[in-house]
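I have placed the structure first, in the form of structure tokens, so that the comments after it can refer back to it.
Note that these values count all heavy atoms, side chains included, but never hydrogens, waters or copies made by symmetry.
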Amino acid sequence: MKETKEGFQFKADLPGLKESDLDVSVSGNRLTVSGKREEEKHDKSDTHFSYERSFGSFSRTCSLPEGADLNGVVAELKGGVLTMLVPKRAGEQSKKVAVKTGK
């Protein structure tokens with residue numbers, strides 16, 4: 001997760017997943033990405049010496065910072081990378097505060 005001037009950006013590497021395999025939801029101040037990767041079918045005549053592709057259900061939840069516009073969340077799956085953008089609410093931009101020295 002990173003903060004930009006316009007909002008918050010989240011990225012997740014999800015190679016091999018399709019849009020239909022994913023669920024992105026917002027509840028309260030929490031953003032949840034969940035999905036399922038099906039096990040690949042193997043031909044019984046094939047001999048595998050090593051197999052390192054994971055499968056099954058997964059879920060990841062993170063808390064959104066104050067000022068996040070939950071109605072403007074956008075998610076895009078491209079090239080195996082899920083990118084989610086959460087804009088900041090209008091008027092929620094940060095500002096620099098001057099620090100004075102006391103006497």
Side-chain angles (χ1 to χ4, degrees):
M1 172 176 72
K2 75 174 183 177
E3 182 176 3
T4 66
K5 194 174 189 178
E6 295 78 30
F8 308 95
Q9 183 182 64
F10 302 81
K11 285 190 175 188
D13 292 331
L14 301 171
L17 287 174
K18 299 180 292 262
E19 184 180 320
S20 60
D21 297 329
L22 292 172
D23 181 46
V24 177
S25 61
V26 178
S27 177
N29 72 332
R30 299 172 66 83
L31 176 68
T32 301
V33 176
S34 58
K36 185 174 183 178
R37 177 175 297 163
E38 298 294 331
E39 184 176 11
E40 292 179 351
K41 304 298 179 207
H42 300 287
D43 188 335
K44 299 288 184 194
S45 65
D46 291 344
T47 301
H48 293 271
F49 294 100
S50 178
Y51 189 78
E52 297 185 12
R53 297 193 76 183
S54 60
F55 61 91
S57 298
F58 64 90
S59 181
R60 175 77 80 185
T61 299
C62 62
S63 296
L64 295 170
E66 262 189 61
D69 179 3
L70 306 180
N71 296 317
V73 178
V74 176
E76 178 185 34
L77 181 63
K78 185 176 182 181
V81 178
L82 176 65
T83 303
M84 296 163 289
L85 302 172
V86 182
K88 291 181 181 176
R89 287 190 297 251
E92 294 284 340
Q93 306 297 331
S94 61
K95 66 176 188 175
K96 184 107 170 130
V97 176
V99 178
K100 298 179 182 178
T101 57
K103 292 186 180 187

Looking only at heavy atoms, what is the nearest atom pair of [X] and [Y], with distance?
{"X": "R30", "Y": "S63", "result": "NH1-OG, 3.5 Å"}
{"X": "L17", "Y": "K36", "result": "CD2-O, 3.7 Å"}
{"X": "E66", "Y": "F8", "result": "O-CZ, 4.3 Å"}
{"X": "K88", "Y": "G7", "result": "CG-CA, 3.6 Å"}

Taking side chain as C-beta onward, heavy atoms only, is [X] less than 4.5 Å from [Y]?
{"X": "F10", "Y": "L82", "value": "no"}
{"X": "L64", "Y": "V86", "value": "yes"}
{"X": "T83", "Y": "Q9", "value": "yes"}
{"X": "L31", "Y": "V24", "value": "yes"}

**Item:** Donor on one side chain, acceptor on other, T32 and T61, under 3.5 Å
**Value:**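 Yes.
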**Prompt:** Distance-only, no hydrogens or angles: does the R37 side chain make a donor-acceptor pair with backbone N or O of F58 under 3.5 Å?
**Reply:**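 Flag not set: sc R37 to bb F58 has no pair under 3.5 Å.
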**Message:** Quick check on the hydrophobic clustering: are V73 and M1 connected, directly or via other members, by side-chain heavy-atom contacts under 4.5 Å?
**Reply:**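 Yes.
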How many angstroms lie between atom [atom1] of [X] and atom [atom2] of [Y], to the nearest 0.5 angstrom?
{"X": "D21", "Y": "S34", "atom1": "CG", "atom2": "OG", "answer": "11.0 Å"}
{"X": "R60", "Y": "L14", "atom1": "CZ", "atom2": "CG", "answer": "10.5 Å"}
{"X": "L85", "Y": "E76", "atom1": "CG", "atom2": "CD", "answer": "8.5 Å"}
{"X": "C62", "Y": "M84", "atom1": "SG", "atom2": "CE", "answer": "6.5 Å"}

